[in-house]
Amino acid sequence: MNPAWVIALPAVGALVVLGLGTRAATGWVGAAFGLVTWLAGLWVALPYVGSAESERHVLGEMATGVAPIEVALTVDGLAALLVLLATTVAFLVLLYSVSYLRDEPRRATYTALVLLFTTAMATVVLADDLFVLLVGWEVMGACSYFLIGHYWERPDARAGAVKAFLLTRLGDIGFLFGIFVLGTATGSWSIGAANESAASGAMSTSQATVAMLLVLCGVVGKSAQFPLHTWLPDAMPGPTPISALIHAATMVAAGVYLVARLDDVMAASPVARSVLAVIAAVTMLGAALFAVAQDDLKRVLAWSTVSQLAYMFAALAVGGYAAGVYHLLSHGAFKALLFLAAGSVAHAIGTTAMTEMGGLRRALPVTFWTMTVGFAALAGLPPVVGFFSKDAVLGVVSEEAFQHASWQGWLLLVSGLLTVVVTAAYSIRAWLLVFCGEARGARPQHEAPWSMRAPLVLLALASLAGGVLVLTPDLVDPLGRTEGELVHPVLAAVTTVVLLVTLLLTYAEWWRVDGLDPAERFGPTRRLLHRELGFDRAYDLGIALPTWALARTVVATDRDVVEPYVRGAGTGARWLGLGLRWLQRGNVQVYVTAVVAGGLLLGLGAGWLVP
Amino acid sequence: MLLLFPLVVSALLFSIGVYGVLARRNAVLVLMGVELMLNAVNLNLVAFDTYLRDVVHSGQVLTLFVIAVAAAELGLGLAIVLMIFRSHQHIDIDRLRELSDSDAADEAIARDHQIWTGVAGGER
């Protein structure tokens, strides 16, 4: 089957859903299209999962001044995995949204945008042409803008949407120029050609470095890595299923996917890899620390996403392709689970503030158990999938550190191990605050309906069983890009011990403070982390305010410098007109006198000059 | 024949004509000044025609032409003077200032406009 179906079906679905408007069936029709897309995704992707083969479909060609833009789609092992992940999560999110947004007046546009989001992500994943990929990439940015701002009556939703749009767009400028560099270096816009050119050495190291550094700008924006990390937590006012979609399978995953897709070009540029390593090391620890201090459940999860994405980049930065892709899939499953479960909690008690939660264990048993699996995966507890994928990432990083003794490896290893500790701490903190202890505020009304519970259970099963993937590393890395095992027993034992100690310590502290927030122990540091080290304030002061000041200067210059000249032209003409008016006084004899005097002067002048 | 005499006479005639146009108030006298200037030119034409011994006498022909045109012009001018006298009861050039670009003139025009059309206001 032509992979274009995976792109076309949700797009058609979006139009149909828009046509249906606010009818009761809208949600179900959207879910049906999600199911059809998922089936098409299975049909397209399954033959290529774990296969070294790839198939290229050229749908059309657009002539440009240089190399033509080919509307080309490629299915290979990586694209197949991502298609499965994206279509599965999109279907589950659509199914979940049927009940979640039952009483939502704008559910038609919501459902249509989710379907369009799926289209865009499928385009990104399947594209073989950099410009086709860019189209999907930007459509995704626009959809995320609309979906984050879904509740546009709320100022924080509007601000979050604009922030997400601006920060990702800022990175995309770099990405666009990265495409230009890749295109000039290879003479074609094809991703496959870029990889081949880099792998065969036809592309010089400097070209690869410039191209990848520019592409990384877009990746950092899209995947919310330092220093463009601030938009993702502010995107939380959007509906919770959207957060699941954005954080698990689309949008932020697209950044990781792009780096994995351009792995050969990355490998050709040690500088780009080092930059990525530093970004990943800073982001994973920083975001995890911010997650510790948050009071909002969704914000905790948002920071955890930023931190987990940094894990994937860490693996890719040291050439751990298999580990990076594995963690991308694993994170896609458990983060979708966590967000959908958080949505279930919010659906039940009407808030996402953890200060209002507590003791939800009994009232929401399904949500409790599935979210426990999600948190276990996030913290990396065996035998949940997060344990294996995190171990794979840390394993490849430690190999880099010990065998190649590179500073990037050591930096990432230290940062990664610290992040394991912090991740365990914020996971169990959130778990304890939400589900254990006494109820502190809102009482749950009801457990979620089956259309919301079913995705939770399915994703929890996937998170529990995903660990078996380590037994078949060929599935995530069919081309054998990375050597070495996905399992590292010694490292796994060490991290598990560290993890358990952290969990116990956090639990003991929670017990000591009698069910209150264990993060309070950090005192002023906690407040600093709660403000996320003032990055927003710094960006305001450093970028937003100067921009405003510059804009005001431009306005003032226009008003006080340019405009006087324009006005001066008008005023001058009026003064000149007044002078001429004064001359035309109505006495004909004055005019004749002037004519005669003028004639005389001309005559005299002519006689004097021309003797 | 000396050219000087007709040229001096012509210059005198022209100057008198200019004086009449510039200094007289009566519109008829102004028109007479114009006629004097025209005739000074005619005198010049004839004088130079003779002096240059023009075979086709273009100067004399042009003089006849100017006389004809001047007659027509005078007829038109006197008709205008007559109309002015009918509307203003005088033909004093100094006091005919409606065409000046001044606020007073604009008001006068607006007034006339109202008299003629019965509509208040008028184009400024």
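Atoms considered below: every heavy atom in the structure, side chains included; atoms not considered: hydrogens, waters and symmetry mates. Quick note on labels: first sequence line is chain A, next is B, and so on, each numbered from 1.
Remark: B/Arg25 CZ is loosely packed, at most 12 non-hydrogen atoms of other residues, nucleotides or ligands lying under 6.0 Å away. For A/Arg169, the CZ atom is densely surrounded, since the number of other residues' heavy atoms within 6.0 Å is greater than 12. Taking a 6.0 Å sphere around CZ of A/Phe180, one finds it holds more than 12 heavy atoms contributed by other residues, nucleotides or ligands. Few gaps surround OH on A/Tyr151; more than 12 heavy atoms of other groups in view lie less than 6.0 Å from it. Under a cut-off of 6.0 angstrom, the local environment of OH in A/Tyr591 is crowded, with over 12 non-hydrogen atoms contributed by other residues, nucleotides or ligands.
Heavy atoms closer than 4.5 Å to chain A are found in the side chain of B/Val18, but not in its backbone. Looking at B/Leu22, both its backbone and its side chain come within 4.5 Å of chain A, counting heavy atoms on both sides.
Among A/Val596, A/Val592, A/Thr593, the one residue that satisfies the side chain to side chain contact (heavy atoms under 4.5 Å, CB included) test with B/Val21 is A/Val592.
When all heavy atoms are compared, the tightest approach of B/Val30 to A/Gln589 is CG2-NE2, 3.9 Å.
Within the 4.5 Å cutoff, side-chain heavy atoms of A/Asn587 are placed close to those of B/Asp94.
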